[in-house]
Enquirer: 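Take this structure first; my questions come after.
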There are 2 protein chains.
Amino acid sequence: MKESESKLENRNIKPTAMRELVLSVLSEQTAAISLADLEQTFEKADKVTLYRTLKTFEENKLIHSIDDGTGSVKYALCKETCQCHPEDLHVHFLCTKCKKTYCLNDIPVPSVNLPTRFTLENINMVIKGICSNFHR
Amino acid sequence: MKESESKLENRNIKPTAMRELVLSVLSEQTAAISLADLEQTFEKADKVTLYRTLKTFEENKLIHSIDDGTGSVKYALCKETCQCHPEDLHVHFLCTKCKKTYCLNDIPVPSVNLPTRFTLENINMVIKGICSNFHR
DNA sequence: GTTAACTTTGCAACTTGGTTGCATCAATTT
DNA sequence: AAATTGATGCAACCAAGTTGCAAAGTTAAC
Ligand SMILES: [Mn+2]
Ligand SMILES: [Mn+2]
Ligand SMILES: [Zn+2]
Ligand SMILES: [Zn+2]
């Protein structure tokens with residue numbers, strides 16, 4: 001059985017050809033990608049199918065989505081063990097020059113002391129700034 | 001001179017009737033509001049005018065915007081002294097039951113130790129969960 | 001093996017929130 | 001008063017995401 005196949009099955013996702021392709025594209029990325037980005041990596045693919053593929057992946061915690069405030073949601077692979085609980089979360093970085101969004105997997109979202117009238121379910125922390133890639 | 005008038009002029013915003021009205025609506029809120037919310041508080045008002053009013057307010061740091069991931073940006077008044085620099089920022093809370101977004105003005109965004117290849121400009125931290133308001 | 005049931009895919013069409021162009025109106029300056 | 005500048009209102013547009021539905025593909029039952 002292929003690597004990608006078992007990765008899908010581990011998350012209870014039926015491994016179709018399309019899904020294996022999408023997973024392999026996601027695996028190649030160094031930054032999170034949007035639905036539109038994903039669409040462009042394929043010669044000919046339906047946006048809706050890709051959309052639903054990403055949704056399935058996210059529902060099964062194979063990937064997580066990042067709302068970086070740019071207006072298009074980005075997606076990146078989860079770690080093997082990730083359950084997308086607050087303690088699994090990490091910080092994201094959006095470079096305002098190259099517009100890329102990176103998972104800072106090594107930087108956990110810092111815990112905050114919420115007033116007792118609030119109970120926590122999830123945290124989204126996006127840092128904007130400039131990365132040291134070449135910016136033309 | 002009216003309170004609202006001087007608040008506008010303090011931020012170098014020409015105080016028109018429309019702008020004073022919008023500012024007063026913003027002042028009444030206990031939670032951040034969206035453009036659509038704002039539109040509904042007026043009997044008859046043009047969405048575009050309100051949109052541009054909010055934009056002007058934000059550009060002049062009278063208000064700040066919050067992207068809470070719901071798909072509609074929320075707005076809330078800044079503190080008098082706010083310059084919207086990283087050290088001025090606070091955490092926001094989105095209740096998944098009542099869908100309201102609150103400024104946690106007392107909770108500054110925790111600082112994170114970024115790898116040196118990243119320089120920080122801004123941080124958006126939104127906590128999702130449940131607030132203790134009555135939820136029907 | 002054929003049929004039935006269920007799932008995935010592809011196309012078209014729609015929704016929503018946000019945005020732009022441009023003409024009109026109001027305020028300010030000369 | 002005429003000219004300039006800025007604010008407002010209407011219509012039209014745009015991008016991202018989403019839904020409905022039929023066709024194609026898979027799996028399970030007979
Ligand atoms: Mn990530
Ligand atoms: Mn706030
Ligand atoms: Zn960069
Ligand atoms: Zn609530």
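Residue numbers begin at 1 in each chain, while the letters A, B, ... track the order of the sequences.
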Enquirer: Quick one: A:Leu54 CG to D:dA16 C1', roughly how many Å, whole number?
Expert: 13 Å

Enquirer: Should we say atom CD of B:Gln83 is surrounded by more than 12 heavy atoms from elsewhere, each under 6.0 Å from it?
Expert: yes

Enquirer: Does D:dT8 have OP1 or OP2 sitting under 4.0 Å from an N or O in the side chain of B:Thr16?
Expert: yes

Enquirer: Rounded to the nearest 0.5 Å, what separation is found between the NE2 atom of B:His64 and the NZ atom of B:Lys79?
Expert: 9.5 Å

Enquirer: Write down the atom of B:Asn60, the atom of B:Asn12, and the distance for their closest heavy-atom approach.
Expert: OD1-O, 4.1 Å

Enquirer: At under 4.0 Å between heavy atoms, which parts of nucleotides 22-30 of chain C does protein reach? Answer with one letter per nucleotide, 5' to 3': B base, S sugar-phosphate only, - none.
Expert: B--------

Enquirer: Show me the protein contacts with nucleotides 15-19 of chain C, counting only N or O atoms at under 3.5 Å.
Expert:
{"residue": "C:dG17", "atom": "O3'", "partner": "B:Gly71", "partner atom": "O", "Å": "3.3"}
{"residue": "C:dG18", "atom": "OP1", "partner": "B:Val73", "partner atom": "N", "Å": "2.8"}
{"residue": "C:dG18", "atom": "N7", "partner": "B:Lys47", "partner atom": "NZ", "Å": "3.0"}
{"residue": "C:dT19", "atom": "OP2", "partner": "B:Tyr51", "partner atom": "OH", "Å": "2.8"}
{"residue": "C:dT19", "atom": "O5'", "partner": "B:Tyr51", "partner atom": "OH", "Å": "2.8"}

Enquirer: How close do A:Leu8 and A:Leu23 get, heavy atom to heavy atom, and via which atoms?
Expert: CG-CD2, 3.9 Å

Enquirer: Do B:Asn133 and B:Tyr102 have side-chain N/O donor and acceptor atoms under 3.5 Å apart?
Expert: yes

Enquirer: Could you tell me the separation between the NZ atom of A:Lys99 and the C1' atom of D:dA15, rounded to a whole number of Å?
Expert: 16 Å

Enquirer: For A:Ile13 and C:dT8, what is the distance between atoms CD1 and P respectively, to the nearest whole Å?
Expert: 10 Å

Enquirer: Without decimals, in angstroms, what is the distance between B:Leu21 CG and D:dA7 C1'?
Expert: 14 Å

Enquirer: Just the rounded figure in Å: distance from P of D:dG6 to CG of B:Asn12.
Expert: 14 Å

Enquirer: Roughly how far, to the nearest 0.5 Å, is the SG atom of B:Cys103 from the CD atom of B:Gln29?
Expert: 11.5 Å

Enquirer: Taking it one step at a time, do B:Leu35 and B:Ser72 satisfy side-chain contact (heavy atoms from CB on, under 4.5 Å)?
Expert: CA-CA 8 Å; B:Leu35 173 57; B:Ser72 60; over 6 Å; no

Enquirer: Whole Å only: how far is the NZ atom of B:Lys44 from the P atom of D:dT8?
Expert: 13 Å

Enquirer: Might you confirm whether atom CD of A:Glu80 has over 12 heavy atoms from other residues, nucleotides or ligands at distances under 6.0 Å?
Expert: no

Enquirer: For A:Glu20 and C:dT8, what is the distance between atoms CD and P respectively, to the nearest whole Å?
Expert: 14 Å

Enquirer: In this structure, how many angstroms lie between the P atom of D:dA15 and the CD atom of A:Glu39, rounded?
Expert: 13 Å

Enquirer: Taking ring-ring contact (aromatic ring centres under 6.0 Å, His included) as the test, write out the residues that go with B:Tyr75, two or more places apart.
Expert: none

